[in-house]
Amino acid sequence: MEITRTKESRLSSIDFENLEFGRQFSDHMIDMSYKNGAWQDPSIVPYAPISFHPSMHALHYGQAVFEGMKAYYADEETVHLFRLDDHHQRISDSSERLCIPSMDKSSFIESLEELIRLDHQWVPKKHGHALYVRPFVFASEEYIAARAANEYRYMVITSPVAAYYKEGFNPVSLTTTDNFVRAVKGGTGEAKAAGNYGGSFLPAQQAQKDGYTQVLWLDAKENKYVEEVGTMNIFFLIGNTLVTPKLGGTVLPGITRRSVIALAKEWNVDVEERRITIDEVFDAHSDGSLKEVFGSGTAAVISPVGLIHHQGKTLELDREKIGPFAQKMFDTITGIQYGKLDDPFGWVHPVKVG
Ligand code: COI
């Protein structure tokens, strides 16, 4: 793989004690082009602006997908990536839905390993902090006919991050909305398509104006089944059963979601992936069986939910505290990711950097 190193690292300008999510970027990035019907060899180049024509296809039609991953500091010689096969599978599935040619797993994995080795000093050492890894693919053809492009670009940039929400690991508040929908069956909701996020910003802004952290999305057809939160999947601990909306076209197949389900099953907790109405959530709260609500995602990790608003009614959990189940889940997942706990499922992908 061709590697061009930066002439001047920007590492010393980073205040690792005050990291803002997605604001600063490491020295290098992966760049790979698709043309003449094939992905070319990836290269690593200094992080820098890229140039394109105003007619670049992705700008007009949003033919673009992305992934969110993290690199975790394990020790001086080792950085961990997490569930790489699953991330490769998901970017391939998202690509297929957006009519983008998928890349082979070895290019995806080997280029990531190389990037992490080169920029390993950018991986924050503090537990809970990480180097956020953002792979993305976009239609780069100079062409504005409305059909799938013939040229694409795959890039990976990385950003040292702390907690995603300003609340940190404190409970966030969510609201449903009657005015907007996120995804419909047959649409692009289960793909990590750039446009899904662009379409969610107005409802999210409105929710924030009303004092909530994010929107809790309900199904688009009946506005009654819970689906997900804009940047995470959602779990309800009802009695001793962990309930999460089932996948099926409109919910993002989260990789942290999959890890939560696997761990809960390992702990002999009953897990139900099924349709759950917002009324059932409120009823479970009224009868005292709703013990905890939390979200899961790469950026959000495990994020406790302290309040849900729906059509004028508000459900409040203990807003000062993280529930014991969410805490155990957070401790276990991060413990595995940072190499402090055993990795019985083989999720961790160590990269030797020393
Ligand atoms: C992630 O969790 O990695 C995501 O992709 C969410 C992102 C939109 C911040």
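All ligand and atom numbering here is 1-based and tracks the order in the structure.
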For ligand 1, list all ligand N or O to protein N or O distances below 3.5 Å, rounded to 0.1 Å.
from	atom 1	to	atom 2	distance (Å)
ligand 1	2 (O)	T298	N	3.3
ligand 1	2 (O)	A299	N	2.8
ligand 1	3 (O)	Y132	OH	2.6
ligand 1	5 (O)	Y132	OH	3.4
ligand 1	5 (O)	K192	NZ	2.7

Using the side chain to side chain contact (heavy atoms under 4.5 Å, CB included) criterion, which residues pair with [X]? Sequence neighbours excluded.
| X | value |
| --- | --- |
| E316 | L307, T314, R319 |
| P101 | Y34, W39, Y152 |
| K291 | L237, N240 |

Could you tell me if D85 and Q89 have a donor-acceptor pair between their side chains, going purely by distance under 3.5 Å?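 Note: Q89 and D85 side chains miss the donor-acceptor criterion.
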Once you measure the plane-to-plane angle for W347 and F82, does it fall in the parallel (<30°), tilted (30-60°) or perpendicular (>60°) bin?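 Answer is perpendicular, since the angle exceeds 60°.
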Salt bridge between R147 and E141, side-chain N to carboxylate O under 4.0 Å? yes
